[in-house]
Amino acid sequence: MTAKETLKSYFGYDSFREGQENIITSILAGQDALAIMPTGAGKSICYQVPALMLPGITLVISPLISLMQDQVKALNEAGIHAAFINSSLTETQIGTALSRAAQGIYKIIYVAPERLETYGFTDFAGRADISMVTVDEAHCISQWGQDFRPSYLKIVDFIKNLPERPVVSAFTATATEEVKEDILCILNLVNPTVTVTGFDRENLYYSVENVRNKDNFVIDYIEKHPKESGIIYCATRKNVDKLYETLLKRGVPVTRYHAGIDNATRKKNQEDFIYDRAPVIVATNAFGMGIDKSNVRYVIHYNMPQSMENYYQEAGRAGRDGEPSRCILLFSAQDIMINKYLLEKKDFSGLEYEDMELIKQRDLRRLQVMEGYCRTTGCLRNTILNYFGEKTSLPCNNCGNCHRDYQEMDMTADAKQVINCVAETKGRYGLTIVTGTLAGADRARLRELGTVNYRSYGALKGRNEALIRNLISQLIEEGYLYQTEDRYSVLKMGNIAPLKDETTRVMMRFYEEKEPERTNYNKEKPARKKSTDSLTSAGYDLFEELRRLRLEIAREESLPPYIVFNDKTLIDMCVSLPKTPEELLGVSGVGENKLEKYGQRFLDAIASFTEAHPNAVISIQTMADDANGSTNAGTDRPKTTSAKITKSNNGKKADFYLSENDAGQFVYQDLYYISDIKNELNRICTTEGVKKISIGVIWDYLVSQELTYENNTNGVFTKMPTQKGTDYGIILEEKTTAAGLSYKLIKYPPKVQKMIVDSLTGPKAEEN
Ligand code: ADP
Ligand code: ZN
């Protein structure tokens, strides 16, 4: 059997993903390999397929018990003999497993690193025919990583002491150069093939939300996505417990996980989540490594994580099945403080002073990167990819920032008033008093404290108090103010020196609370669609039916449902409606073993559904086929307008462009804001199936033409015209809102409007 045949027959997949084939070929040729691939990219296949093809046993060293158990379950389901050896087994069980292993019963054996030096295991390894040693989560060997495990260092000696050196393959999702070097050196890989696949997870939609009430946001999100599985990460155990209680009271099927919960309960909670008994879990970052639940539809970070590495990995637990999923980061000023506090509390015992300083600085730098991510107005996906060293050119058009319009306002004058007020309080009062005082509120408490006699009393009269609060949060984040961390937290002066420089500005972002892709001129859904979107409501009923069957089987077999079949496989069944075992084998994710075990039950379920609903249209796919007149059973299916069908069936949309004809329809005006230009462009574009243009794309073009730039003063980004832009007639307009806020906006003259239109008009029209 070739590698590809092995993939199909055991795992049911038709083709390899990026990087997989390369790694497998190299391993089969006897060469060591290091693969750096993001979570969900399909690392396991890279060693499992060669393990099946190599003559002897493959040992997989893996750090976590839950991970091993899951993998072994999944392998057994695929009809592969595999076992694990770790501390969850008794000595007798280990003995039995090893003697079976020695008889060559298992093709793949997962083992915990601590086990490697035990006598029973070395004795077995010394006599067994070991073809490959695979080091999973290989970054655990590096002290640079956040998951350093000293027991990983034992791997090296273990391999050295084997009678014959097997192929060694190592896998990790951690991409930094330091970690990579460590793995290569410490593991002693011999002339390895190093494969690094792209870090872009196209199905993940990243967004950062600046919300005042995080609990409400989370509740609202969960209630709007009731059938979905999600993880909510909190920075502290206390937060986990609080949010968990809140959600429980709202009737959410939720569980929780953190290091303060006893082992047995933790294990049970984790299983409840994996088995979808509690599809929502609130957890600290202790949760997740080795969790390969594939149908996690969203990961919400209730607090800002400590580093981009952490964020990427935790957020990456969403959408491992390749289906569109959301990664939402809830950001607030407090998060920076919580994180700094957690860093201060970090245990450095046993470290040299220099090392400690180095690590502290590194930690702070990482925190700053995260803060930058939360504050950037640029494309979030590109921010992540650039951090991991991938170059990007265009904004992704599939993240919160690419989808959202915002305006930046100059709040410098207001900021100075806030600072004056805090100065007058002499650092004695907290947020509420300062806000009320600035707003000139008529409150007994303020009279009692005497702040009504301050010079700053009413200095921001007419402003919304929520806005003043947000401004204060921002001033805290920017270090101008400081908030004490005790229970009666008060505001004190931070470092206001930068504000003495006249050119320093305090800019605040104001978002239009809409997703431009969803509004506008026709009612289209966002660009990236879920596979379930290809199902009609009848199709969804069938999908639900198959899910019920899957749950039934999962219960019988004590398996997590997604190990039976994942959602994508079920959706594929709905779309292709297989009638025979052969047809079912053609569905992605159906291998021979699963076909034999469960195939008939699924075929029966599909058959009885189609019999009961003879005229039902199951998927838009089939509707489109009908509309196109292709031969397809069930000729008297209702036909809907074909234009709509082809569009929703188009899959990936083309980037925005204008035909010559459309370009001629642009109404030029004296001065346009960038959002006017965007709206006008989207209005005139008549080509079907192209993405809407976003402000981000237009902005990047203007920057590329050196007409505008983003000015960064102390981390405050301000959009400005360049000298060239000013020469072209771009102006910076000062505006005042109804609330009395002043802010600056850029306006663009017809000459620049024309440049933008021309840059988007092209012969691309014929390509698609
Ligand atoms: P990783 O270990 O890299 O995080 P996994 O090995 O758990 O990722 O794979 C993620 C998901 O992708 C699994 O559900 C797996 O079955 C699936 N998968 C892996 N390779 C392929 C492939 N070639 N075609 C389709 N699905 C695949
Ligand atoms: Zn983007």
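Quick caveat, the model's predicted, so the values are computed rather than measured. Order of listing sets the numbers, starting from 1, for every ligand and every atom in it.
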**OP:** Compute the angle centred on the Zn ion (ligand 2) spanning SG of C402 and SG of C379, and express it rounded to 10 degrees.
**Re:** 110°
**OP:** Look at H403 and state whether any of its N, O or S atoms is less than 2.8 Å from the Zn ion (ligand 2).
**Re:** no
Subject >> Metal-centred angle, the Zn ion (ligand 2) as apex - SG of C396, SG of C399, 10° resolution >> reply: 110°
**OP:** For a side chain to side chain contact (heavy atoms under 4.5 Å, CB included) with T172, tell me which candidate from I141, V135, D136, I183 qualifies.
**Re:** I183
Original post:
For the residue pair G198 and E18, what are the closest heavy atoms and their distance?
Top reply: N-OE2, 3.6 Å
Subject >> Residue pair C46 / M37, side-chain heavy-atom distance below 4.5 Å >> reply: yes
**OP:** Measure across I27 and P50 and return the closest heavy-atom pair with its distance rounded to 0.1 Å.
**Re:** CG2-CB, 3.8 Å
Original post:
Are L546 and C574 close enough that some pair of their side-chain heavy atoms sits under 4.5 Å apart?
Top reply: yes
Subject >> Contact residues of ligand 1 (heavy atom under 4.0 Å), by chain and number >> reply: Y13, S15, F16, R17, Q20, P38, T39, G40, A41, G42, K43, S44, I45, R320
**OP:** For R555, check side chain to side chain contact (heavy atoms under 4.5 Å, CB included) against everything at least two apart and list the hits.
**Re:** L551
**OP:** May I ask you to decide if I756's main-chain N or O and S759's side chain share a donor-acceptor pair within less than 3.5 Å?
**Re:** yes
